[in-house]
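To start, the structure itself, in structure tokens.
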There are 2 protein chains.
Amino acid sequence: MEKITMADVAKEAGVSKSTVSQFLSKRYEYMSGETRKKIEKAIEKLNYHPNYLARSLKQKRTSMIGVIVANIMHRFSTEISRVIEDFFNQHDMHAIICNADNDPGKERKYIEMLRAKQVDGLIIFPTGQNIDLYTNMVEGGYPVVFMDRKVPGVAAPTIISNNLDAVYSAIEHFIENGHQQIAIASQPLTISTRTDRYEGYKKALEAYGLVINPSLMINAEIKTVRKELERLFTSGSPPTALLAANDLVFIEVLEFAKENNLQVGEDFALAVFDNIPFAHLVNPPVTTVAQSSRGMGEKAAEILLKQINKEKVDTNEIVFPCELLIRESSEKTWSGFW
Amino acid sequence: MEKITMADVAKEAGVSKSTVSQFLSKRYEYMSGETRKKIEKAIEKLNYHPNYLARSLKQKRTSMIGVIVANIMHRFSTEISRVIEDFFNQHDMHAIICNADNDPGKERKYIEMLRAKQVDGLIIFPTGQNIDLYTNMVEGGYPVVFMDRKVPGVAAPTIISNNLDAVYSAIEHFIENGHQQIAIASQPLTISTRTDRYEGYKKALEAYGLVINPSLMINAEIKTVRKELERLFTSGSPPTALLAANDLVFIEVLEFAKENNLQVGEDFALAVFDNIPFAHLVNPPVTTVAQSSRGMGEKAAEILLKQINKEKVDTNEIVFPCELLIRESSEKTWSGFW
DNA sequence: GTGAAAGCGCTAACAG
DNA sequence: CTGTTAGCGCTTTCAC
């Protein structure tokens with residue numbers, strides 16, 4: 001259908017291609033009101049739609065950026081993606097969201113694909129396994145920002161939560177409520193996010209003179225978390241409190257509890273690191289550690305845009321505090337995403 | 001950084017551009033093993049990365065498709081998007097997800113933008129307000145499929161849930177449990193999805209000889225749903241059962257219930273039309289009507305791809321059944337997305 | 001103010 | 001098997 005090009009419009013309007021081009025970029029100073037009208041009319045008549053692809057080829061700018069999330073099934077990722085998409089949309093740009101599924105191979109494929117498509121920049125939740133690629137981009141001056149996870153040795157701006165301190169507070173809260181047997185359940189400690197949360201846990205126990213007991217610390221693939229929980233709760237000294245280190249682990253805990261008829265809030269206290277929709281509306285009300293997805297997403301977008309516009313940016317980590325939302329009392333309202 | 005083009009590679013390898021091009025499209029039959037090696041070496045040495053943009057311009061195919069969701073805050077939209085993204089990824093294509101926020105203006109802007117970017121096709125959750133645009137695309141032979149909502153008068157393939165029957169079953173279930181005062185709460189009846197659900201509600205009541213009482217039927221903007229609920233529950237004959245017509249309304253109901261100390265499952269029975277994560281894990285266990293996001297997403301993607309490949313497709317509606325997941329008993333497990 | 005001309009980086013006949 | 005030759009649709013000097 002759409003074979004009408006600028007040349008057709010030019011002919012129809014009786015002017016040259018360049019004039020039409022000027023018109024399209026709204027530089028009306030360079031033409032008489034009359035030509036302007038003729039062009040308008042011709043476009044209308046022909047139902048012409050410009051081809052941005054051709055323009056991008058020439059301008060070397062696609063007005064598209066890529067977002068590569070590690071695992072889209074974390075609600076945090078969805079929220080961030082939405083914020084980023086909003087931001088760039090306000091700047092007449094588009095965000096392409098890709099899901100690497102925690103697979104370094106997929107991540108590599110996406111990075112290469114998106115760069116081949118000439119996207120103007122990338123926001124990555126890095127798997128951490130493609131250092132060569134990361135380095136290549138950063139050294140080549142290609143706009144990148146890392147999100148959620150630190151990548152040691154790669155000098156790119158990085159947006160992260162204050163994982164350690166947030167977990168510290170959550171554990172502290174348990175302790176203040178009299179808990180002594182406090183467990184933590186996490187996925188494998190392969191990325192900074194998870195190790196930082198582990199550190200926060202240990203630091204809190206230490207600060208309050210409690211023993212760090214490895215048998216209370218789970219780090220396992222999602223598929224085997226359930227098994228670990230069983231071990232934990234059937235052991236001689238089961239935990240009285242448990243922190244799920246992210247929302248995916250949290251689901252496992254809930255399912256485990258349900259299956260084994262354990263009452264959350266009665267048989268053990270539960271908190272979770274991550275934004276959980278509904279958390280404030282159901283029983284048991286669950287204490288959560290909320291990350292600032294809006295703030296983090298906007299910051300990342302802003303820094304990426306700066307790089308795209310050739311402004312210098314710091315490659316320091318930018319750390320966002322989390323919010324501990326205590327909900328034993330069923331009182332506090334969560335002002336979340338909904 | 002990346003100013004190395006095919007020409008550079010050709011020169012480095014001592015062959016012509018066309019040969020390099022052949023190499024890149026893996027047509028090795030057309031060259032000697034030696035040239036092949038030379039090219040490989042040159043690419044390696046120069047760290048060359050092809051520019052897909054230029055290729056797309058020539059081939060008139062970008063290997064990108066667009067998804068325009070009406071409101072990304074519905075979990076259903078997220079699930080569908082993910083399925084579509086997966087599908088196209090397996091076909092070495094990319095999906096761009098955009099959020100129209102139920103705003104016809106935004107929808108129009110996105111459609112135009114994506115088409116200008118030459119995406120190969122569009123999957124749209126239509127607002128229903130841009131008929132001229134829809135028609136223009138369809139008549140021009142541009143690949144489109146509608147999702148979730150019917151658009152009368154536009155001959156494009158449409159994937160929908162069996163909204164009427166699903167609601168019918170849900171209401172029937174209420175009735176069988178002895179409820180007589182059954183309410184429904186929905187957003188404004190501006191799209192087929194919502195009117196069909198309303199119809200299902202009415203049809204079920206009629207079938208069982210119950211009166212259709214307009215004061216039990218809420219249709220209001222999310223912001224005013226709460227107020228309507230108040231009216232409903234403080235009226236002379238409050239409902240004993242309520243169906244929330246989607247997940248966003250559901251949240252409002254939960255918040256309303258919490259504020260007013262109404263116990264779901266005791267003070268009134270509650271069901272919701274939509275996939276709700278955790279629904280099976282919390283108290284009260286909520287009866288849900290689950291849509292088949294996987295099936296619907298895959299079907300839409302498949303049909304779009306057919307169109308892109310110039311295959312003929314039916315423009316009939318394709319209707320997917322929903323699943324009523326009854327959870328008063330806290331028994332049934334939901335095999336959802338997590 | 002307006003037009004002619006030279007590409008952007010790649011593909012696709014068509015010769016040789 | 002390999003090279004030559006035209007463009008894809010648009011932007012952008014630089015003359016007129």
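All of these numbers come straight from a predicted model, not from anything done at the bench. Throughout, protein chains are lettered first and strands after them, A, B, ... in sequence-line order, and every chain is numbered starting at 1.
A donor-acceptor pair is defined here as one N or O able to donate and one able to accept, closer than 3.5 Å; such a pair exists between the side chain of S25(B) and the backbone of S21(B). A donor-acceptor pair under 3.5 Å links the side-chain atoms of D120(B) to the main chain of T62(B), judged by distance alone.
Per the geometry, CZ belonging to R27(A) stands 13 Å off C1' belonging to dC10(D), to the nearest Å. Look at NZ on K58(A): it is 13 Å from C1' on dC8(D), rounded to the nearest Å. The nearest whole Å value for the distance from the CZ atom in F23(A) to the C1' atom in dG1(C) is 15 Å. Rounded to an integer number of Å, the gap from M6(B) CE to dA12(C) P is 11 Å. A straight line from CD1 of I39(A) to C1' of dG3(C) spans 12 Å, rounded to a whole angstrom. For the pair L57(B) CG and dA12(C) P, the interatomic distance rounds to 12 Å; values are reported in whole Å. dG7(C) atom C1' lies 14 Å from atom CD of Q59(A), rounded to whole Å. Summarising the geometry, the separation between CG on L53(A) and P on dT11(D) is reported as 12 Å, rounded to the nearest angstrom.
Using a cut-off of 4.0 Å between Lys/Arg side-chain N and Asp/Glu carboxylate O, D132(B) and R108(B) are scored as salt-bridged. With respect to K299(B) and E302(B), a salt bridge is recorded, a charged nitrogen being found less than 4.0 Å from a carboxylate O.
Residue V9(A) is tested with L24(A), V15(A), T19(A), V20(A) for a side-chain contact (heavy atoms from CB on, under 4.5 Å); the sole match is V20(A).
Residue contacts for S21(A): at a heavy-atom cut-off of 4.0 Å it reaches a base atom on one of the strands shown.
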Between the protein and nucleotides 2-4 of chain D, which nitrogen or oxygen pairs come in under 3.5 angstrom?
unit_1: dT2(D); atom_1: OP1; unit_2: S32(B); atom_2: OG; d: 3.1
unit_1: dT2(D); atom_1: OP1; unit_2: T35(B); atom_2: OG1; d: 2.7
unit_1: dT2(D); atom_1: OP2; unit_2: S32(B); atom_2: N; d: 2.9
unit_1: dT2(D); atom_1: OP2; unit_2: T35(B); atom_2: OG1; d: 3.0
unit_1: dG3(D); atom_1: OP2; unit_2: S16(B); atom_2: N; d: 2.7
unit_1: dG3(D); atom_1: OP2; unit_2: S16(B); atom_2: OG; d: 3.4
unit_1: dG3(D); atom_1: OP2; unit_2: T19(B); atom_2: OG1; d: 3.2
unit_1: dG3(D); atom_1: N7; unit_2: S18(B); atom_2: OG; d: 3.4
unit_1: dT4(D); atom_1: O4; unit_2: S18(B); atom_2: OG; d: 2.7

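Phosphate contact (OP1/OP2 of dG9(D), side-chain N/O of K60(B), threshold under 4.0 Å): present. The side chain of Y48(A) places an N or O atom within less than 4.0 Å of a non-bridging phosphate oxygen (OP1 or OP2) of dC10(D).
Comparing atom distances between the R55(B) side chain and each of dG9(C), dT11(C), dT11(D) picks out dT11(C) as nearest.
In the displayed structure, F88(A) atom CZ is contacted under 6.0 Å by more than 12 heavy atoms of other residues, nucleotides or ligands.
Between Y134(B) and F146(B), the ring planes lie perpendicular to each other; the angle is over 60°, past the 30° to 60° tilted range.
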